[in-house]
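Scroll down for the structure; my scribbles are underneath it.
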Number of protein chains: 2
Amino acid sequence: MPPRTRHPRRRIDGLSPERIVDAAVEILDAEGEDGLTFRRLADLLVTGPGAIYHHVANKGELLVAATETILASATTVANVDGLREEDAVKTVALAVFDAIDAHPWVGAQLANPLQPAMVRLFESIGRQVRALGVPEAALFTSTSALTNYILGVGGLNAANARAAENTNRTELLVSVSAAWANLDPDEYPFTRDVAKQMREHDDRTQFLDGIDLILAGIGALGRRP
Amino acid sequence: MPPRTRHPRRRIDGLSPERIVDAAVEILDAEGEDGLTFRRLADLLVTGPGAIYHHVANKGELLVAATETILASATTVANVDGLREEDAVKTVALAVFDAIDAHPWVGAQLANPLQPAMVRLFESIGRQVRALGVPEAALFTSTSALTNYILGVGGLNAANARAAENTNRTELLVSVSAAWANLDPDEYPFTRDVAKQMREHDDRTQFLDGIDLILAGIGALGRRP
DNA sequence: ACCTGAACACCGTTCAAGT
DNA sequence: ACCTGAACACCGTTCAAGT
C-alpha cells in the first residue's frame, strides 16, 4: 500500500495562486520566515521551483498574499455595529494582535507599505476615531498613533518569535526579565525595577492597556480643540 | 601615477571591529540593507570575506554593532537636566527619529530584542515617565506605549526607504497620497479624506504630535489613579 | 498553457593554506 | 595571530525543453 503522507491529496489537479499561498502559510507557521523558500514550497506542492512563478510574481508578492489570508477578517471586524467607538477600536486592534500572536511572521509584514491589510487597518481605526468626534485636524495624527503602536507591537512580537524559535514564549519572557534584573543598577535603575512587571505581565492585556492610553490621549485632545 | 580612489588610505594597518563596523555603516547608508554583504564589505576593506570573521561573529552582530554607533548618543541624550519631563521624552524620541531618518536601515533593527539601543531607549523614557509621577502600576504600560510607538514609526520609515530606494521621500509621499485618494470611496472613505493630510504633513511634526498624544494619555491615567 | 528542473548569479559562513 | 580566497551549502529567479 502507498505510504501515508501529511498531504495525501495534493496535486490531484494543477497549481493555483490559492494553493500556493496556503502552502506558504503552512510553511511560515511551522518554520517561520526563514523556512519559506521556493524549493521548500515546491517540495510541499510536489513540483519544481519554477512552476510557482507561473502563479506568483515573486517572493514579496507571496508574502503579501499570505498576510492577506491571515489579516483579511481581522482588519474588517470593526464594522460590527452597536459598539462604543473605543470598544470597536479595541476589537480591531485585538483581532490584529491575536492574528500576529498565532502567526508571528505577519508582524514583520505590517511595515510593508504595499500591504493592503495596513490600509484596511488604518481605515477601520480611522472611521472609529472620526466617530469619536476628534477634530478634523487631529484625525490623521490620532489614527497614525494607534496604527503605529499596533505596528510596533507586531514588529516586536515577530522579532521575539524569531529569537525564541526553539523555546516557548513564557521561557523567553523569563530570560529577558532575568537579563533586565541583572542590568547595572546605576545605568538601568528603571528597567531593573520594572523587570518583574515584564515577567508577570500578560501580553494581551498589556497591549490593550496601551490602546487605552492612546485613546485617553485622543480624548484629551478632543476636549480642548 | 596611481588612480585616486574614494578610500586611498584604507588598510595602512590591520582590520579591527571598529574599522569593519564603520565600513558597514558606510555601505548601509549608501546602498541600504540589501547592499551590505560580506563580499561587498571585504572589497571596501581590501580583503577577503573570511577575514571579517576574525573580528565579528556574524552578520547579526555586525548589524547590532552598526546600530549602536548610530543610536549611542541618541538614546542617552535625555540625561540633559533642567527640562520638563515631557520635553525630555520628546528630546530622546526626536533624537531617535532623526537618527532613523538619516540612516533608515536602523529602523528595521529596533525590533531586535538583542539590540542594546532599545534597552537604553526604554530606560531613558522610563525614567522620565516615572518622574512625571505616573503610578507604579502604570509605569510599564506607559513606557511600553511610547517605546512601541517609536518602534512602529521606525519600522515604517525603514520600509518606506526600502520601497523608495530610487525616488526621494516627498515623491513617495505624493504617490502614496495619490493612491489613497484613488481608493474606492465606499470601502475607504476615511483614508481618501485624509489623503491630503498625508501628502502635506511633515513627518517630524507628525511624529512629535503622536508622542504628545500618548503623553496626554499618560497624564490622564495619572489624574485618576 | 502549464510545468519541469537545470542553470545563473548571487548569499553567509567555513576552513585549509599561507604569512 | 591574522589574513586569504576557494569551497560549501544554500538562496531567488530565469528559461530552454518538455507535455
Side-chain angles (χ1 to χ4, degrees), chain A residues 7 9-28 30-67 105 108-109 112 114-115 159 162-163 165-166, chain B residues 7 9-28 30-67 105 108-109 112 114-115 159 162-163 165-166:
Chain A
H7 301 286
R9 261 183 290 278
R10 283 248 183 243
R11 292 305 299 286
I12 50 173
D13 44 15
L15 290 173
S16 69
E18 294 71 33
R19 210 189 279 274
I20 292 169
V21 172
D22 287 348
V25 168
E26 191 177 329
I27 294 170
L28 286 163
E31 300 164 44
E33 274 180 87
D34 292 347
L36 182 67
T37 71
F38 277 73
R39 283 167 182 81
R40 177 81 184 78
L41 193 52
D43 282 348
L44 185 56
L45 292 165
V46 197
T47 182
I52 297 166
Y53 286 88
H54 283 272
H55 302 94
V56 169
N58 50 48
K59 194 172 180 177
E61 190 183 274
L62 183 57
L63 283 166
V64 168
T67 303
W105 51 272
Q109 288 300 308
N112 185 340
L114 299 175
Q115 196 64 258
R162 254 189 321 262
E165 228 143 71
N166 298 317
Chain B
H7 301 286
R9 259 183 290 278
R10 284 250 183 242
R11 293 304 298 287
I12 49 172
D13 45 13
L15 290 173
S16 69
E18 293 71 32
R19 211 189 278 273
I20 292 170
V21 171
D22 286 350
V25 169
E26 190 175 332
I27 294 170
L28 286 163
E31 300 164 43
E33 273 181 88
D34 291 348
L36 181 66
T37 71
F38 276 73
R39 283 167 181 81
R40 176 81 184 77
L41 194 52
D43 282 349
L44 185 55
L45 292 166
V46 197
T47 181
I52 297 166
Y53 286 89
H54 283 272
H55 301 94
V56 169
N58 51 48
K59 194 172 180 175
E61 190 184 274
L62 183 57
L63 283 166
V64 168
T67 303
W105 52 271
Q109 288 300 307
N112 185 340
L114 299 176
Q115 197 64 257
R162 255 190 318 264
E165 228 144 72
N166 298 319

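FYI, side chains are in, hydrogens and waters are out, and symmetry mates aren't considered; it's all heavy atoms of this structure. Throughout, a chain's letter reflects where its sequence line sits, starting with A, and its residues are numbered from 1.
- The listed nucleotides are D/dG5, D/dC11, C/dA6; the one nearest the side chain of A/T37 is D/dC11.
- In this structure, the nucleotide among D/dT13, D/dC11, D/dC3 sitting nearest to the side chain of B/L15 is D/dC3.
- Between A/T67 and A/Q115 there is a side-chain heavy-atom pair separated by less than 4.5 Å.
- If you find the closest nucleotide of DNA chain D to A/F38 and to A/A51, the one lying nearer the 5' end belongs to A/F38.
- When the side-chain nitrogen and oxygen atoms of A/H55 are compared with OP1 and OP2 of C/dC3, one or more of them lie within a distance under 4.0 Å.
- Looking at B/W105 and B/V25, their side chains come closer than 4.5 Å, going by heavy atoms from C-beta outward.
- Ranked by how close their nearest DNA chain C nucleotide is to the 5' end, B/N58 and A/S16 are led by A/S16.
- Taking atom NE2 of A/H54 as the reference point, atom C1' of D/dA16 lies 12 Å away to the nearest angstrom.
- For A/R19 and C/dC3, the CZ to P distance is 10 Å, given to the nearest whole Å.
- With distances taken from any side-chain atom of B/Y53 to the nucleotides C/dG12, C/dC3, D/dT13, the minimum falls on C/dG12.
- For the atom pair OG of B/S16 and CG of B/D22, the computed distance is 8.0 Å after rounding to the nearest 0.5 Å.
- Residues A/L36 and A/K59 form a side-chain contact, since some pair of their non-hydrogen atoms from C-beta on lies under 4.5 Å apart.
- When rounded to the nearest whole Å, the span between CG of A/D43 and C1' of C/dC3 equals 15 Å.
- Here A/L62 lies out of heavy-atom contact (under 4.0 Å) with every strand.
- Among C/dT13, C/dC2, D/dG12, the nucleotide with an atom closest to any side-chain atom of A/K59 is D/dG12.
- For C/dA9, there is no paired nucleotide, since no Watson-Crick or G-U wobble pair has both relevant distances below 3.5 Å.
- When every heavy atom of B/L62 is checked against every heavy atom of B/F38, the shortest pair comes out as CD2-CZ, 4.4 Å.
- Using the Watson-Crick or G-U wobble rule with both distances under 3.5 Å, C/dA16 pairs with D/dT4.
- Residue A/I52 is the one, among A/R39 and A/I52, whose nearest nucleotide of DNA chain C lies closer to the 5' end (criterion: closest heavy atom).
- Rounded to whole Å, atom C1' of C/dG12 lies 12 Å from atom CG of A/D34.
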